[in-house]
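Heads up: numbering here begins at 1 and tracks the sequence. Quantities reported herein were computed from a predicted structural model and do not represent experimental measurements.
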Amino acid sequence: MRYIRYAFLAALIIVLVSVSLANLQMVTLKLMPDALAELVGFNYSLPLPVFIVVLGGIAAGLIIGYILEWLREHKHRREAGEKYREVRKLEREVNKLKKQKNEGKDEVLALLEEGN
């Protein structure tokens, strides 16, 4: 399975490098549309190769998606943590009650009863 993953990553890298080399033309990335820039009085622009714009957009979308998904799942993680703490508390209580029940008994018999 590891080799399949490495082969997939290698193919992905080859595709990304070939797309990048094929799209080296420069484009101007503007902060605002021209009409809005005239009203505001400034417009920041940055010349970049096309592949950086495309790959940067994909990366930004993935990052934003991961952050939104992480925030959406927050309540589930919190609930799982609460359940985990409750289970640990109940396990400690069960162990304490077993010790109290088997106190003063033979250790072998206590172990046999504990297994049931």
Q. Can you name the nearest heavy-atom pair linking Asn43 to Leu31, along with the distance?
A.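 Answer, listing the atom of Asn43 first, then Leu31: OD1-N, 3.5 Å.
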Here the gap from Lys75 atom NZ to Arg78 atom CZ, rounded to the nearest 0.5 Å, amounts to 9.0 Å
- Task: Would you list the pairs meeting salt bridge (Lys or Arg N to Asp or Glu O under 4.0 Å) in which at least one residue belongs to residues 35-64, sequence neighbours left out?
- Result: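 Listed by first then second residue: nothing to list.
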* Verify same cluster id: Ile13, Ile58 (apolar side-chain graph, 4.5 Å) ->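 Shared cluster, no.
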Is there a continuous path of hydrophobic side-chain contacts, each under 4.5 Å between heavy atoms, that joins Ile52 to Leu24?
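The answer is yes; both residues are in one hydrophobic cluster.
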So CD1 of Ile67 and CG of Leu62: to nearest 0.5 Å the spacing works out to 11.0 Å
Look up atom OH in Tyr66 and atom CG in Leu71, then write down how far apart they are to the nearest 0.5 Å.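 Going from the OH atom of Tyr66 to the CG atom of Leu71 covers 15.0 Å.
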Spacing of CG belonging to Leu68 relative to CD1 belonging to Ile63, to within rounding of 0.5 Å: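 Atom-to-atom, Leu68:CG and Ile63:CD1 are 12.0 Å apart.
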Just wondering, more than 12 heavy atoms not from Glu93 lying within 6.0 Å of its CD?
no
Residues Phe51 and Val19: closest non-hydrogen pair is CB-O, 4.4 Å
* To do: Treat each ILVMFWY residue as a node, draw an edge where side-chain heavy atoms are under 4.5 Å apart, and state whether Leu55 and Leu12 are in one component.
  => yes
Q) Pick one: which of Arg85, Glu91, Glu86, Arg92 meets side chain to side chain contact (heavy atoms under 4.5 Å, CB included) with Lys89? A)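 Single side chain to side chain contact (heavy atoms under 4.5 Å, CB included) partner of Lys89 among Arg85, Glu91, Glu86, Arg92: Arg92.
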Got a sec, which pairs hit side chain to side chain donor-acceptor pair (under 3.5 Å) with one end in residues 15-26, sequence neighbours left out?
->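 Of all non-adjacent pairs touching residues 15-26, none passes side chain to side chain donor-acceptor pair (under 3.5 Å).
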Residues 27-36 vs salt bridge (Lys or Arg N to Asp or Glu O under 4.0 Å), sequence neighbours excluded, gives Lys30-Asp34
message = Return the OH to CE distance between Tyr44 and Met32, rounded to the nearest 0.5 Å.
response =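 CE of Met32 is found 12.5 Å from OH of Tyr44.
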May I ask you to test the Leu46-Thr28 pair for a side-chain heavy-atom distance under 4.5 Å? no
- request: Hey, can you tell me if Trp70 and His74 have their rings parallel, tilted or perpendicular (30° and 60° cut-offs)?
  value: tilted
